[in-house]
Amino acid sequence: MDKTTLGEAAVLGILCAALSIAILSSQTVPFRRESAHLNATQFNWLGTIFYFGYLLFQYPQNLALQRFPVGKWMSINIFLWAIVLCCHALCKSFGGLFAVRFLLGICEGAITPGFMIVTSMFYTRAEQTYRVGYWFLMNGFAIIILGFASYGILHIHTPNFVPWQWLMIITGIITFITSILFWFFFPDSPANARFLTPEERIAAVQRIRVNQTGVENKVFKTEQFYEAVKDPKTWLLAFFAAASNIVNSLTNQRQLIVAQFGFNDIQTTLLGCVDGMVEILTIHFGVMLASQEPIGHLHAGVLMYIPAIIGAILITTLPFSNKIGLLFSYWTCIIAIVPFAIFLGWVGSITAGHTKRITTNAIVLSAYAIGNAVGQFMWKAHYQPRNHVPWAIITATNLASAVTLLILRHLYSSENKRRDGETRDVTYDSTYFQGKKIDKAFLDLTDNQNRDFRYVL
């Protein structure tokens, strides 16, 4: 919710524009949105600077997640996130908002990689796609809740506090409560999960042996870092993460886009709830599709791009007077976020070795930040209201992302076939530590070192 507050703030008073809002009596009253004195370019920069903070501190955040307890480190970042979010309400200029958005991006850098690490520690590779899909589709629920909250906030009239400032305070308080819950209840690993008995903790560790990826290792291994950086497939993963997230610029632009179709503030706010429902349904369908063995993750991602590309084409070719057709085309475009949700569940299951995994995660999520940051710049005022150039870029990057998934599938499938033809690797089968035989599934080997490892497709 708090990550999408900037998009909601666009119709709650953060932009300079003389607009009207419908109140419950169905009358309209003028509402001057000048509290932060932002123009459209500055608004786009606020979306971009968030991802610069995310990008610059992504690898340090991943190193901290390896060095410190995962749950505790995330809770600290969520706590700081809540404070920074509340500080938004005190900002009266672009400079102040620029600073707090940068700090918000730094705090965000621990969340997704932390979730990915914990998911890989608790669930088998077959389960990870569903689990990542479940927590990723909560973005849809967030949009729905925030849409109704914004509708209510639109009707708050206080002399020195405008609606967008109330939005920041309310979501900041919710985030603060979440940080407390994380500190006390979110587990760092199966080994110390409070909700499991000692016997269940052992069972939780044993059941992920099939992953061949280990559980957790606090030692940074330089050789694993270099292996990740030198692997060409890592950079293909990064390219996909960047290209596929150009469309995510809609997070901050969606309210403005729908308003330009001809809907008023109240309608735009409530229609935003449909965005969330589209995300929930399509992500759930996407992860179900990816879990079907004949289809797999990568082919499922490609299939989900087809309607998204069609929607982007329609939104530039339909007459601008057809606002219902444009609205449905826009909702179809949202499906383009589904392949990245599938990708997040998949990328954690194709990399073994704790240092290699966090390095790969950092590279991929840094690319994700670059894609999001770059995407904000294409929404120029002189392209409005049709925005032909941004939609053409979205179409092209969606197509490039689909092709990249097909290339990755070919590379990983070829590597699996190569390993199937090799003599079985027994290098680590009889490894002993302090007189006890150690299963190589827990030896923190990389996917390259462990030739019994097979890549999920």
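- The shortest side-chain heavy-atom distance between Ile363 and Trp235 falls under the 4.5 Å cut-off.
- Between the side chain of Ser413 and the backbone N or O of His410, no donor-acceptor pair lies under 3.5 Å.
- Taking the six-membered ring for Trp and the full ring otherwise, the centers of Phe115 and Phe136 sit at least 6.0 Å from each other.
- The neighbour count for Phe141 CZ, taken as heavy atoms of other residues, nucleotides or ligands under 6.0 Å away, does not exceed 12.
- Within a 6.0 Å sphere centred on CZ of Phe184, other residues, nucleotides and ligands contribute 12 heavy atoms or fewer.
- In this structure, the side chain of Arg419 engages the main chain of Phe453 through a donor-acceptor pair within 3.5 Å.
- When atom types are taken as modelled, the side chain of Asn398 and the backbone of Tyr305 share no donor-acceptor pair closer than 3.5 angstrom.
- The shortest non-hydrogen separation linking Leu365 to Pro113 is CD1-CD, 3.4 Å.
- Enclosure of atom OH in Tyr134 by more than 12 non-hydrogen atoms of other residues, nucleotides or ligands within 6.0 angstrom is indicated.
- Crowding of Tyr130 atom OH: a count of heavy atoms from other residues, nucleotides or ligands under 6.0 Å exceeding 12.
- By the 4.5 Å heavy-atom criterion applied to side chains, Ile257 and Trp391 are counted as neighbours.
- Taking every heavy atom of both residues into account, Leu167 and Ser150 meet most closely at CD1-OG, 4.1 Å.
- Nearest approach of Ala228 to Thr359, heavy atoms of both residues: CB-CG2, 3.9 Å.
- In this structure, Cys333 and Gly311 approach most closely via the heavy-atom pair SG-C, 3.3 Å.
- Contact record, Thr395 with Ala312: OG1-CB, 3.2 Å, taken as the closest heavy-atom pair.
- Paired with Lys356 under the rule side-chain hydrogen bond (donor to acceptor under 3.5 Å, both in side chains), one option of Thr234, Asn448, Asp447 passes, and it is Asp447.
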Let's go through Asp275 and Tyr330 carefully: what are the C-alpha distance in whole Å and the side-chain angles of both, what is the deciding distance for side chain to side chain contact (heavy atoms under 4.5 Å, CB included) to 0.1 Å, and is it a yes or a no?
CA-CA 9 Å; Asp275 295 16; Tyr330 160 73; 2.7 Å; yes
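- A salt bridge links Asp420 with Arg454: the closest approach of a Lys/Arg side-chain nitrogen to an acidic carboxylate oxygen falls below 4.0 angstrom.
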Dump the intermediate steps for side chain to side chain contact (heavy atoms under 4.5 Å, CB included) on Val278 and Thr332, then the final yes or no.
CA-CA 8 Å; Val278 172; Thr332 307; over 6 Å; no
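- Judged by distance alone, with hydrogens and angles left aside, the side-chain atoms of Asn245 form a donor-acceptor pair with the main-chain N or O of Ala241 at under 3.5 Å.
- Ionic pairing of Arg418 and Glu422 is not present here: no N-O contact between side-chain nitrogen and carboxylate oxygen is shorter than 4.0 angstrom.
- Applying the 6.0 Å contact sphere to CZ of Phe328 captures no more than 12 heavy atoms from other residues, nucleotides or ligands.
- Of the possible polar contacts, none joining the Arg131 side chain to the Thr119 backbone as a donor-acceptor pair under 3.5 Å is found.
- Looking only at distances, a side-chain donor or acceptor of Arg125 sits under 3.5 Å from a matching main-chain atom of Ser349.
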Output, in order, the C-alpha distance, side-chain angles, deciding distance and verdict of side chain to side chain contact (heavy atoms under 4.5 Å, CB included) for Ile177 and Ile180.
CA-CA 5 Å; Ile177 295 170; Ile180 303 301; 5.8 Å; no
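- Dense packing is recorded around CZ of Phe377, with more than 12 heavy atoms of other residues, nucleotides or ligands lying under 6.0 Å away.
- A donor-acceptor contact shorter than 3.5 Å links the side chain of Gln165 to the backbone of Val162.
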Passes side chain to side chain contact (heavy atoms under 4.5 Å, CB included), Phe50 versus Trp45? Steps please.
CA-CA 9 Å; Phe50 174 92; Trp45 265 106; over 6 Å; no
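- Within the 4.5 Å cutoff, no side-chain heavy atoms of Leu137 are placed close to those of Glu279.
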Apply side-chain hydrogen bond (donor to acceptor under 3.5 Å, both in side chains) to Gln61 and Asn77, showing your working.
CA-CA 10 Å; Gln61 286 279 27; Asn77 277 272; 2.9 Å; yes
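- Atom CZ of Phe285 has 12 or fewer neighbouring heavy atoms from other residues, nucleotides or ligands inside a 6.0 Å radius.
- When side chains are defined from C-beta on, Leu65 does not count as touching Ile358, because their heavy atoms never get closer than 4.5 Å.
- Counting only N and O atoms by type, the side chains of Gln58 and Asn361 include no donor and acceptor under 3.5 Å apart.
- Contact of the Val456 side chain with the His297 side chain is registered, since non-hydrogen atoms from C-beta on lie closer than 4.5 Å.
- When Arg357, Glu227, Gln224 are each tested for a side-chain hydrogen bond (donor to acceptor under 3.5 Å, both in side chains) with Thr446, only one passes: Glu227.
- Val100 is listed as a side-chain neighbour of Cys91, based on a closest heavy-atom distance under 4.5 Å.
- Remark: Tyr226 pairs with no residue by the ring-ring contact (aromatic ring centres under 6.0 Å, His included) rule, at least two apart or across chains.
- Between the side chains of Tyr368 and Ser244, no donor-acceptor pair is found at a separation under 3.5 Å.
- With sequence neighbours left out, the ring-ring contact (aromatic ring centres under 6.0 Å, His included) criterion links Phe185 to no other residue.
- For Tyr54 and Phe52, the distance between ring centers is not under 6.0 angstrom.
- Using a 3.5 Å distance cut-off with no hydrogens or angles, the side chains of Trp379 and Ser249 do pair a donor with an acceptor.
- With 3.5 Å as the limit, one finds a donor-acceptor pair spanning the side chains of Thr158 and Trp166.
- In this structure, Trp73 has its ring center no closer than 6.0 Å to that of Trp183.
- Geometrically, Arg409 does not engage Phe343 in a cation-pi contact defined by less than 6.0 Å to the ring centre and at most 45° from the axis.
- Neither side chain, Trp164 nor Thr5, offers a donor N or O lying under 3.5 Å from an acceptor on the other.
- With a 4.5 Å cut-off on side-chain heavy atoms, Leu271 and Trp331 count as touching.
- Between Gln376 and Gln253 there is a side-chain heavy-atom pair separated by less than 4.5 Å.
- A donor atom on one side chain and an acceptor atom on the other are found under 3.5 Å apart for Thr355 and Gln66.
- Partners of Glu127 under the side chain to side chain donor-acceptor pair (under 3.5 Å) rule, at least two apart in sequence or in another chain, are Thr124, Arg207.
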